Amino acid sequence: MTGLHHRYQSKRPVWIIILASLVCVSLLGAYIYPPRGYSACYFLSSSICSKDWLPPVPARVYTDEEIAARVVFRDIIAAPFVQSNNPKIAFMFLTPGSLPFEKLWEKFFQGHEGRFSIYVHASREKPVHVSPLFIGREIRSEKVAWGKISMVDAEKRLLANALQDTDNQHFVLLSDSCVPLHDFDYVYSYLMETNISFIDWYYKHMLPEIEKKEFRKGSQWFSVKRPHALLILSDSLYYTKFKLYCKPGMEGRNCYADEHYLPTLFHMVDPGGIANWSVTHVDWSEEKWHPKAYRAQDVTFELLKNITSIDESYHKTSDESKQVQQSPCLWNGMKRPCYLFARKFYPEALNNLLHLFSNFTSI
């Protein structure tokens, strides 16, 4: 008995330690193991160090302003679509002054009266018109600065004027250097026979309302359905955040309101309702601060044919990583050419474009 008691006493610390360890593992779980990023993960099991063992990140509690905004956004998007007996496309031109391609646009619009509306925001000087279609189409305008919130203000001003006409069901933002790539019937069908808006975005400090993972960048040249146009006008919460904190060179970062606001807003509130490309083509292949601009000698049938045949959207991030993001342009689930319009064209290209218009728009 003495020997047995002696052996029992000598082994008791071993099994007590093992039992205590098992209990600690089962009760504490992830709390006693480091996440994968720590050095201990090099000698612990990889399954132990997986993210599944980490406690979940608590959901952020929305502010009163965010709750109110999200309710309004939800009801705008979910509201029954009001059919118009005469649905039109609103063509909204954002320009510093006169539109150098009025004659080309007149040729595009000719014969389709009653199916379009025109609005002109001239930020620097009163336009001189050469086409009767554009006479009297200016709205009250203010000066705009590239990359700043004043550009968004001008876009909202155009939308507000265009939304007054209840027949306007789709809204296209264009610049003074934009030209059409297809005839009017093709453009009308492309935009009116789908239920999505075309807002370009790709992955790119506005906490807490806008988390870093939500931040997006894209072209400002949008094309939106009426509910989305109403949503843009209704937003004050996120607009104010961008107005205060999105400025070129602010705190060592470059944030451009006209390129970041709408892509971020729609990614947050209705990502399934937008395409991830703009229907306006622009060539950034030279990787400069401004896109490639086309002079008269550049404008050929081959150039326009090449642009109209592009059926995948392509982005390269502007940071050091230069990541490429490429995806097919899916229209109602079908792969189709991406672009209806193109920029940037110099005014001197007008005659070549007029000469080629009937040929390249029939492609």
Side-chain angles (χ1 to χ4, degrees), residues 83-93 99 101-119 131 133-134 162 165 167-200 219 221-226 228-229 273-283 294 299-314 327-345 349-350 352-363:
Q83 294 288 344
S84 167
N85 292 327
N86 183 37
K88 297 188 293 186
I89 298 175
F91 291 84
M92 307 179 304
F93 292 86
L99 292 164
F101 298 112
E102 276 192 14
K103 281 295 183 182
L104 180 65
W105 284 105
E106 182 181 50
K107 197 169 185 178
F108 170 80
F109 290 128
Q110 195 170 16
H112 302 284
E113 291 74 11
R115 301 172 72 193
F116 65 89
S117 302
I118 296 173
Y119 303 87
S131 167
L133 294 178
F134 287 82
D165 186 341
D167 286 333
N168 286 334
Q169 298 297 305
H170 205 103
F171 304 78
V172 180
L173 182 67
L174 299 160
S175 77
D176 56 309
S177 67
C178 284
V179 301
L181 293 173
H182 297 273
D183 63 31
F184 185 89
D185 285 328
Y186 183 100
V187 170
Y188 189 90
S189 171
Y190 196 107
L191 296 179
M192 301 296 263
E193 294 176 15
T194 186
N195 61 356
I196 62 172
S197 294
F198 297 91
I199 297 178
D200 183 42
S219 167
W221 308 107
F222 61 75
S223 171
V224 297
K225 291 294 186 184
R226 190 175 182 90
H228 284 159
I274 64 172
N276 67 337
W277 81 90
S278 165
V279 290
T280 299
H281 175 269
V282 61
D283 184 354
Y294 302 102
V299 178
T300 63
F301 178 82
E302 287 71 25
L303 169 70
L304 300 169
K305 182 180 179 181
N306 288 339
I307 296 175
T308 56
S309 66
I310 296 172
D311 58 8
E312 291 190 347
S313 63
Y314 176 92
S327 58
C329 295
L330 298 178
W331 182 89
N332 291 348
M334 299 180 295
K335 190 174 184 179
R336 289 191 62 179
C338 305
Y339 302 114
L340 305 178
F341 316 102
R343 63 186 300 266
K344 265 178 121 167
F345 289 82
L350 175 61
N352 282 2
L353 287 165
L354 284 170
H355 176 71
L356 293 168
F357 181 78
S358 299
N359 292 325
F360 73 78
T361 56
S362 62
I363 297 173

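Since this is a predicted model, take the numbers as computed values, not measurements.
The backbone N or O of K305 lies less than 3.5 Å from a partner atom in the side chain of T308, making a donor-acceptor pair. Put simply, the side chain of N332 gets close to the backbone of E193: a donor and an acceptor are under 3.5 Å apart.
In this view, H355 satisfies the ring-ring contact (aromatic ring centres under 6.0 Å, His included) rule with no residue, not counting sequence neighbours. In this structure K344 satisfies the salt bridge (charged side-chain N to carboxylate O under 4.0 Å, His left out) test with no other residue, sequence neighbours excluded. Listed by chain and number, the residues in a side chain to side chain donor-acceptor pair (under 3.5 Å) with T300 amount to none (sequence neighbours excluded). Evaluation of the side-chain contact (heavy atoms from CB on, under 4.5 Å) rule for S327 yields N276, S313 as partners, not counting sequence neighbours. Remark: D283 pairs with no residue by the salt bridge (charged side-chain N to carboxylate O under 4.0 Å, His left out) rule, at least two apart or across chains. The ring-ring contact (aromatic ring centres under 6.0 Å, His included) test applied to Y294 returns F345, not counting sequence neighbours. Remark: S131 pairs with E106 by the side chain to side chain donor-acceptor pair (under 3.5 Å) rule, at least two apart or across chains. Partners of H281 under the side chain to side chain donor-acceptor pair (under 3.5 Å) rule, at least two apart in sequence or in another chain, do not exist in this structure. Looking at residues two or more places apart in sequence or on another chain, you find a salt bridge (charged side-chain N to carboxylate O under 4.0 Å, His left out) between D165 and K88. Applying the salt bridge (charged side-chain N to carboxylate O under 4.0 Å, His left out) criterion to R336, with sequence neighbours excluded, gives no partner residue. Residues satisfying the disulfide (SG to SG under 2.5 Å) criterion with C178, sequence neighbours excluded, are absent altogether.
A side-chain contact (heavy atoms from CB on, under 4.5 Å) with S223 is found for exactly one of V172, I89, I199, namely V172.
With values rounded to the nearest 0.5 angstrom, I307 atom CD1 is found 9.5 Å from Y339 atom OH. One distance of note links CH2 of W221 with CG of L173; it measures 5.0 Å at 0.5 Å rounding.
No side-chain donor from either of Y188 and D183 sits under 3.5 Å from a side-chain acceptor of the other.
For residues 107-118, every residue pair satisfying the salt bridge (Lys or Arg N to Asp or Glu O under 4.0 Å) rule, not counting sequence neighbours, is listed here: R115-D185.
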